[in-house]
Structures are given as C-alpha cells and as structure tokens.
*Asks:* 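Before I ask anything, let me first share the structure, which is written out below as structure tokens.
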Amino acid sequence: MVERTKLKTDENAVAGVIGQLVLPFAHTPRFAAGDFVFSASNAAARSWLLGSTPWPERRLALWGAAGTGKTHMLEIWARLHDAVLLHGGSLSHAHVTALFAARATGVPVMAMVVDRADECTDERALLHLLNTAREQGIALLLGGRKAPARWPVALPDLASRLRATMAVAIRQPGDGLLRVLLLRLLAERQIVVSQPVVEWLLRRLPRTAQAMQDAVDRLDHAALASGRPVTRALATRVLADMLVADAMGAMDMEPGT
C-alpha cells in the first residue's frame with residue numbers, strides 16, 4: 001500500500017483527469033544532524049570533521065560517489081561552524097571577490113563550505129577562494145565526486161593547490177547502511193512498501209547509494225502516475241534495467257507483493 005500526503009493525493013486526482021499527468025513537485029532531501037547514519041564507510045570523514053586533528057592549511061576535501069552522504073556531512077559541518085555554504089557550479093570570480101569584500105566590512109566569517117566544488121568552471125574563482133581562505137585563516141571544506149588531485153583543471157597554480165589539499169574518501173555504504181538508506185528514501189516520499197518487496201529490492205538492486213536513490217525516484221514517479229501501490233510487479237516494470245539476478249526470483253510472488 002502507498003500512503004501519500006494530501007498534496008500528493010490531490011495530484012493523483014488531477015492526474016486521473018488529465019491523462020495521468022504527473023506534476024513536477026521537487027523532492028527536497030533532509031540534511032538534519034539527527035538523520036545522519038554513522039557507518040564504517042564514513043568513519044574516516046567523521047574523524048576528520050569532528051576530531052581535533054588540524055587540517056593542513058585549514059583545508060579539507062571530502063570525496064566519493066553520489067549518494068554516499070557528502071552533502072549531508074558538509075551541511076552538518078557548515079551549521080556547526082556557522083560557515084558560508086557555496087555551490088561549485090555557481091561559483092564565479094566576481095562572486096568570490098564580493099564575498100571577501102563583504103567579509104572585510106561585516107561580521108568575520110571563519111569557515112566556508114563548497115559543495116560540488118569539482119563542478120566549478122571558473123578556475124580563477126576557485127583559486128582565488130583557496131588562496132584568500134588560506135591567507136585569512138578561514139577553514140575551507142570542499143566536496144566532490146573525485147579527489148581534488150584528479151579534478152581536470154588547467155591552471156597550474158590551482159592544480160598545485162588541489163594536490164596539496166588533504167582529501168578523505170567516503171566509501172560506498174555496506175549492506176546495513178544501504179537498508180537504512182532505502183527505508184529513509186521511501187519514508188521521505190511517504191511511500192509505504194511491504195517488507196517482502198523491500199527485501200526483494202535490496203537483493204536485486206546494485207549495491208550503491210546512487211542506485212537506491214534512482215530506484216526510489218522511479219518508484220515514486222510510477223506510483224503517482226499509475227495511482228497504484230508499489231508492488232513487486234510495478235518495481236519489476238520500472239526498474240527492469242537496474243535489477244540484477246536473484247536466486248529467489250523463481251519463487252512465486254506472495255499475495256500483496
């Protein structure tokens with residue numbers, strides 16, 4: 001059975017009238033400290049973020065695949081240190097210059113975070129940020145898919161700064177954390193799935209955090225479009241290209257799955 005908020009229930013009613021149109025309501029992930037799940041895959045990152053070991057040049061980078069918790073950890077650290085939170089994709093030289101100019105005349109900022117720093121296309125902006133943060137003693141936390149030394153940059157000075165940045169990997173989650181992640185993603189979208197279907201999904205989906213996110217996105221959209229609960233049959237249809245062989249796949253489907 002799938003349970004929805006009133007907003008999504010109303011959306012289904014409209015969809016039935018206008019040909020199963022699904023309106024693009026965006027899902028906003030929660031990044032509260034209490035929602036973070038401690039595991040071996042993020043232990044090294046937690047040690048560097050929460051421990052007492054000083055960062056070389058007060059700069060640290062967290063890197064890892066999508067869905068492994070980088071943004072969650074960056075936002076928790078930003079709140080703890082009252083840090084300015086920036087996004088690499090929108091970073092520009094003018095933006096960085098204005099940021100430091102405002103800092104000089106306002107309340108001092110002692111910490112900054114750049115999520116998806118590897119998506120920054122203005123290399124001068126990123127170099128200016130790294131240099132000025134170091135000169136002014138500002139703690140700088142970066143996040144990206146790969147270690148900074150592997151980011152494809154052209155500026156030699158920027159490449160040198162990135163190679164000198166302490167980088168900590170967040171590994172893919174283990175089975176226990178993948179289970180928690182799947183259940184949390186379903187709960188965030190208020191989708192209730194029977195336990196047999198949850199267990200079936202955990203056996204069949206690729207063992208990555210991104211796969212869990214992609215699967216729940218598809219299931220949510222399909223359930224809204226069809227107005228039907230998330231069953232094993234629906235999951236088989238919408239996740240066909242993601243599912244791997246299951247030794248128990250020959251078993252008859254249980255009623256309601």
*Asks:* Would you say the side-chain atoms of Arg116 pair up with the backbone N or O of Thr71, donor to acceptor, closer than 3.5 Å?
*Replies:*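 No; zero donor-acceptor contacts below 3.5 Å.
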*Asks:* Are Leu86 and Leu140 co-members of a hydrophobic cluster defined by side-chain heavy atoms under 4.5 Å apart?
*Replies:*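 Yes.
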*Asks:* Hydrophobic cluster membership, with links at side-chain heavy-atom distances under 4.5 Å among I/L/V/M/F/W/Y: are Leu181 and Val230 in one?
*Replies:*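 Yes.
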*Asks:* Can you confirm whether Leu130 sits close enough to Leu162 that some side-chain heavy atom of one is under 4.5 Å from a side-chain heavy atom of the other?
*Replies:*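 Yes, close enough: below the 4.5 Å cut-off.
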*Asks:* So Leu80 and Leu50, do their side chains get closer than 4.5 Å, heavy atoms only?
*Replies:*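 Contact flag for Leu50/Leu80 side chains = yes.
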*Asks:* State, yes or no, whether a side-chain contact exists between Leu219 and Leu234 at a heavy-atom distance under 4.5 Å.
*Replies:*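 Side-chain contact under 4.5 Å: yes.
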*Asks:* Thinking salt bridges, do Lys70 and Asp115 make one under a 4.0 Å N-O criterion?
*Replies:*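 No.
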*Asks:* Dump the intermediate steps for side chain to side chain contact (heavy atoms under 4.5 Å, CB included) on Val216 and Glu188, then the final yes or no.
*Replies:* CA-CA 10 Å; Val216 172; Glu188 285 180 353; over 6 Å; no
*Asks:* Is any side-chain heavy atom of Arg179 closer than 4.5 Å to one of Glu199?
*Replies:*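 Yes, at least one pair of side-chain atoms sits under 4.5 Å.
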*Asks:* Go through it in stages, so that I can follow the logic: the residues are Gln210 and Asp214, the test is side-chain hydrogen bond (donor to acceptor under 3.5 Å, both in side chains), and I'd like the CA-CA distance, side-chain angles, deciding distance and then a yes or no.
*Replies:* CA-CA 6 Å; Gln210 185 64 58; Asp214 292 344; 2.8 Å; yes
*Asks:* In terms of hydrophobic clusters joined by side-chain contacts under 4.5 Å, are Trp48 and Val113 together?
*Replies:*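 Cluster IDs for Trp48 and Val113 match.
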*Asks:* Decide yes or no on side chain to side chain contact (heavy atoms under 4.5 Å, CB included) for Leu126 and Trp151, but give the supporting numbers first.
*Replies:* CA-CA 12 Å; Leu126 188 55; Trp151 296 356; 4.2 Å; yes
*Asks:* Are any non-hydrogen side-chain atoms of Thr68 and Gln172 less than 4.5 angstrom apart?
*Replies:*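 SC-SC contact between Thr68 and Gln172 confirmed.
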*Asks:* Evaluate side chain to side chain contact (heavy atoms under 4.5 Å, CB included) for Leu62 paired with Leu141, printing each intermediate quantity in order.
*Replies:* CA-CA 8 Å; Leu62 299 185; Leu141 180 60; 4.2 Å; yes
*Asks:* Taking Val244's backbone N and O only, do any of them form a donor-acceptor pair with Arg204's side chain (distance below 3.5 Å, no angle check)?
*Replies:*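 Side chain of Arg204 to backbone of Val244: a pair is present.
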*Asks:* Begin from the C-alpha positions of Leu201 and Leu239 and carry the test side chain to side chain contact (heavy atoms under 4.5 Å, CB included) through to its verdict.
*Replies:* CA-CA 10 Å; Leu201 288 170; Leu239 304 177; 3.8 Å; yes
